[in-house]
Chemist: 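This is the structure I want to talk about, given as structure tokens.
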Amino acid sequence: MPELPEVEVVRRGLERWAAGRTVAEAEVLHPRAVRRHLAGPDDFAARLKGRRIGTAMRRGKYLWLPLGDAGVSVLAHLGMSGQLLIQPPGTPDEKHLRIRIAFTDPGAGELRFVDQRTFGGLSLHPETADGLPDVIAHIARDPLDPDFDDAAFHAALRRRRTTVKRALLDQSLISGVGNIYADEALWRARLHYDRPTATLTRPLTTELLGHVRDVMNAALAVGGTSFDSLYVNVNGESGYFARSLDAYGREDEPCRRCGTPMRRRAWMNRSSYFCPRCQRTPRPRTTRALSPASPATPGAADPEPGSPEAPAH
DNA sequence: AAGCTCTCCTGATGGC
DNA sequence: TGCCATCAGGAGAGCT
């Protein structure tokens, strides 16, 4: 479940332990881990060999390591369960070790990509003019990027016909936000996940972005969020933010603001956690006034219309 | 054509 | 004890 703070923790570890090293040998142990490298595992390994690792970069949940001045970078995405570990020489292989990158530098150990669910992976890509691997040119700046444009984000939200949590998870609008921090920021902003983005006022967008930044910075300060061993920094250590979560994973537990039991709703093949009192259901679409034929919604006063009685798909 | 759904994957967990 | 279903979810392919 690595999101921006977790990926940034990993980026800092790579900057400390991998930048400046030279690749002695790369070994792909599972082809799926390099599936985004279209030329295949052998090409991936051959092109890494002998290259010098540059400054570790990140945008949203993607990170990349420029290879010397070749204009090519190793792009990494951790997916659900990916780990980039720096392991001392002689460390036994992890069960889900997918890629091994050995350095020429004596005692530097290995950079390893370990990934149980294989949603993540590494690949090589040329950089665009602004230094981004070309395949992530569509990824928006993230909210911790000094060049993130709050006004443009708000304008995009107003243009879209979608709901606020979908928008937060849309990496082409704002990157780095995943299911956990989306729920946390929405709880802090007292916004329901299904609120149409077109109804957001500029002050609301500003407040929401502020909460996104606050919660991410708070997580970053303690090394990220972790629920199990699936997310670790390059030294295999977990972060401590899980204990600070206010919404995610707190079904039936009291809201930390009002004491109302928190709820979980199936949403987009995953879960949304929210307080039914602090985060009120958005009022029915404004078009409702134009369709008097709509059957009397029995649950008009229901705090969550549309979920329980709606058809299962 | 923007918006949404589906699919990829493995391991933990729960019900019977 | 075993077996099957469910859940976790980022992101892009592929629908409509």
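Chain letters run A, B, ... following the sequence lines, proteins first and then strands; every chain starts at 1. All of these numbers come straight from a predicted model, not from anything done at the bench.
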Chemist: Out of T197(A), T205(A), T206(A), which one pairs with H154(A) under the side-chain hydrogen bond (donor to acceptor under 3.5 Å, both in side chains) rule?
Modeler: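 Result for side-chain hydrogen bond (donor to acceptor under 3.5 Å, both in side chains) with H154(A): T205(A).
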Chemist: Taking five pairs at each end of the helix from dA2(B)-dT16(C) to dC16(B)-dG2(C), what angle separates the two helix axes (nearest 10°)?
Modeler: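 Axis-to-axis angle, ends of the helix: 50°.
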Chemist: What pairs with D93(A) under side chain to side chain donor-acceptor pair (under 3.5 Å), at least two apart in sequence or on another chain?
Modeler: R100(A)
Chemist: Under 6.0 Å from the six-membered ring centre of W187(A) and within 45° of its axis: does the NZ or CZ of R256(A) meet both?
Modeler: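 No, a cation-pi geometry is absent between R256(A) and W187(A).
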Chemist: How would you list, by chain and number, every residue that makes a side-chain contact (heavy atoms from CB on, under 4.5 Å) with R21(A), sequence neighbours excluded?
Modeler: F103(A), D105(A), A108(A)
Chemist: Over how many whole Å does the gap from N179(A) atom CG to dC7(C) atom C1' extend?
Modeler: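 Taking CG of N179(A) and C1' of dC7(C), I get 13 Å after rounding.
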Chemist: Could you encode protein contacts along nucleotides 1-10 of chain B as a string, one character per nucleotide from 5' to 3', using B for base contact, S for sugar-phosphate-only contact and - for no contact, with a heavy-atom cut-off of under 4.0 Å?
Modeler: --SSS-BBBB
Chemist: Could you give the CG-to-P distance, from L245(A) to dA8(C), as a whole number of Å?
Modeler: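 One finds 15 Å between P of dA8(C) and CG of L245(A), rounded.
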Chemist: Quick one, S81(A) with D115(A), criterion side-chain hydrogen bond (donor to acceptor under 3.5 Å, both in side chains). Give me CA distance, side-chain angles, the key distance, then yes/no.
Modeler: CA-CA 5 Å; S81(A) 54; D115(A) 190 8; 2.6 Å; yes
Chemist: Identify whether NZ of Lys or CZ of Arg in R166(A) sits under 6.0 Å from the centre of the six-membered ring of W267(A) and within 45° of that ring's axis.
Modeler: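 Positive - R166(A) is close enough to the ring of W267(A) and near enough to its axis.
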Chemist: Please identify each residue that fulfils ring pair (Phe, Tyr, Trp, His ring centres under 6.0 Å) with H96(A), with sequence neighbours left out.
Modeler: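 In terms of ring pair (Phe, Tyr, Trp, His ring centres under 6.0 Å), with neighbours along the sequence ignored, H96(A) is linked to no residue.
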Chemist: Produce the list of close N/O pairs, under 3.5 Å, pairing protein atoms with atoms of nucleotides 12-14 of chain C; give distances to one decimal.
Modeler:
{"from": "dG12(C)", "atom 1": "OP1", "to": "Y62(A)", "atom 2": "OH", "distance (Å)": "2.5"}
{"from": "dG12(C)", "atom 1": "OP2", "to": "H138(A)", "atom 2": "NE2", "distance (Å)": "3.1"}

Chemist: Does R213(A) CZ have over 12 foreign heavy atoms under 6.0 Å away?
Modeler: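 Enclosed: over 12 neighbouring heavy atoms sit under 6.0 Å from CZ of R213(A).
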Chemist: Does a side-chain N-to-carboxylate-O contact under 4.0 Å join R47(A) and D43(A)?
Modeler: yes
Chemist: Specify the separation, in whole Å, of atom CD of E3(A) and atom P of dA8(C).
Modeler: 14 Å
